[in-house]
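Below is one structure, written out as structure tokens, with a few remarks after it.
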Amino acid sequence: MALTLHSSTSFIKSKDNRSSRTSDDFTSAVSFSQMKPPSSQQRAKNSTHEAQLSPAEGISSYSEGGNELGEKLHGMTVPHIHSHDNSRVAVFVMLPLDTISLGGNLNKPRPMLASLMALKSSGVEGVMVDVWWGLVEKDGPLKYNWEGYAELIKMVKKIGLKLQVVMSFHQCGGNVGDSCTIPLPPWLLEEISKNPDLVYTDKSGRRNPEYISLGCDSLAVLRGRTPIQVYSDFMRSFRKRFKDYIGDVVVEVQVGMGPCGELRYPSYPESNGTWRFPGIGEFQCYDKYMRVSLAAAAEAIGKDDWGQRGPHDAGQYNQFPEDTGFFRRDGTWNSEYGQFFMEWYSGKLLDHGEKMLNAANIIFQGTGAKLSGKVAGIHWHYKTRSHAAELTAGYYNTRHRDGYLPIARMMAKHGVVLNFTCMEMRDGEQPNEANCSPEGLVRQVKMATKLAGTELAGENALERYDGGAFSQVLVTSRSDSGNALSAFTYLRMNKRLFEAENWRNLVEFVKSMSEGGRSTRLPDSDRVGTDLYVGFIKQNNVRKESEAALV
């Protein structure tokens, strides 16, 4: 998450130390432990009542009737979205971040099978999984291990679901909701230790190991290859390994283009308490490659002194706009220098997206899979003139300028779906002092994608199970103000999702989305007592308290 919560508890590896129950125990509890993979002989036994049961509510029927529940669940017929049916919105569910183990294998396949079968019964279109660069190319350059993902893809196909895959070229860990740690490939970390300027750097010299700096995109700094070549080789290997599944089972490839997989700079890193919501963040332009680029841009317009470093008055990570000279109401952001800097800074980000999506388009052209790119939902300080938090992340969006239209047009050029977060959030849920407006931000992005002529897909930023959040997604999914959603991916599959009330809310939500978002049977309020303030979500079943800041 860009504060997109690429986050969640891991369903497979719970951190709840208050119970000794394992994921396998959970599987038994929901009565799926003995299920066999679906076979072509099994027939659909479709029933609304069956789909709306939480997995736990099926315990007695399973124990009394042998394998009957398993047959009912994976035998149910669920219609898939078709390109000609524009009223339906396909719903996918994100899998846990640690779906594939550090050893490269599918984590706990029996619980995964049971969970996927339950999701199939709910009517969802499919699931999403991160394809971690740090796991697949772990053993050395051009040495790829796809075996864990191969097992997952075969399982998804057998159950009759579809799959969205994220080419995750970023580190997992250190951001809101990251429940496990998956660093970049070890061989790459060796190169970074030799040349720390390969990663993003702030004005204090703090290095960020989440993602390679876009400043060196086209330089052969990775053992003779450029970062763009490395990403391309990875995607090309994926296409070759799974050519028989892409376009059929693998229906979407999301191209990771920055931290948390989002097209942005790592301006608000949570690791080690560096940033806290709702701080403005900091510009990330101080590695030597970015500094050289800035100097060249300044020299090109005869303003050499503008290229020496980034803005001197942009403040610290956790300050507010009015605490700084750059971001305050009539600050430097609105000066000739501020416009020059922001055009360069945001332009470099757009150029990075252009390179990544062009490479992906060449590789996946003709496979039948859609391409998508993710943009962070940075909604704090949105009501201010400078939109400070968006600016430090690379989105040149201010009171006077639409920063999302250029991004949408860049994606439209390549036929790429723009994936956006915070679809479930309401302005009234946010703390007043943060000047948030997730609803205004979503409206702006919906209009930008409509004007650009590209598809819009959505995600929720936080783990939410209440009817109020689902109702808000239904509202934002419609085309009343800009683009309607072409698909929605729910964050995320874990134990809480399968609790009775949460499960019923999900099933009702999926049904409503299949009707084009026009049915709003879900409640408008948060009936389960969720703490809705951005950045503060209590998940007592996983840890005593964890703070999360939304996209």
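The analysis underlying the following values was restricted to heavy atoms, covering all of them including side chains, and did not include hydrogens, waters or symmetry mates. In what follows, residues are counted from 1 in the order of the sequence shown.
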Notebook entry, point to check: Residues two or more places apart in sequence or in another chain: which of them pass side-chain contact (heavy atoms from CB on, under 4.5 Å) with P185?
Noted result: W133, W187, L188
Note to self: List the residues meeting side-chain contact (heavy atoms from CB on, under 4.5 Å) with R236, not counting sequence neighbours, and say none if there are none.
What the structure shows: S232, D233, R239, I363
Can you name the residues that form a ring pair (Phe, Tyr, Trp, His ring centres under 6.0 Å) with [X], not counting sequence neighbours?
X	answer
W344	F341
H312	none
Y265	Y200, Y345
F326	F283

Note to self: Using 0.5 Å steps for rounding, measure from the CG atom of N334 to the OG atom of S386.
What the structure shows: 9.5 Å
Note to self: Within the structure provided, determine whether K303 and D305 are in side-chain contact (heavy-atom separation under 4.5 Å).
What the structure shows: yes
Checklist line | Minimum side-chain heavy-atom gap L418-S372 below 4.5 Å | finding: no
Notebook entry, point to check: Which residue pairs pass the salt bridge (Lys or Arg N to Asp or Glu O under 4.0 Å) test with at least one member in residues 306-322, sequence neighbours excluded?
Noted result: none
Next item on the list: Any pair with a residue in residues 404-420 that passes salt bridge (Lys or Arg N to Asp or Glu O under 4.0 Å), sequence neighbours left out, goes on the list, sorted by first then second residue, please.
Entry: E354-K413
Next item on the list: Inspect the surroundings of NZ in K450 and state if more than 12 heavy atoms from other residues, nucleotides or ligands are less than 6.0 Å away.
Entry: no
Margin query: Under a 4.0 Å threshold between the charged nitrogen and the carboxylate oxygen, would E459 count as salt-bridged to K374?
Written below: yes
Notebook entry, point to check: Does the distance from a Lys or Arg side-chain N to an Asp or Glu carboxylate O, for R276 and E270, drop under 4.0 Å?
Noted result: no
Next item on the list: Go through the structure and list residues passing salt bridge (Lys or Arg N to Asp or Glu O under 4.0 Å) with E137, not counting sequence neighbours.
Entry: R225
Next item on the list: Output every pair passing ring-ring contact (aromatic ring centres under 6.0 Å, His included) with a member in residues 410-463, not counting sequence neighbours, ordered by first then second residue.
Entry: none
Item checked: side-chain hydrogen bond (donor to acceptor under 3.5 Å, both in side chains) involving S237 - partner list, sequence neighbours excluded -> W146
Output side-chain donor-acceptor pairs under 3.5 Å for residues 295-302, partner residues at least two apart or in another chain, one line each.
none

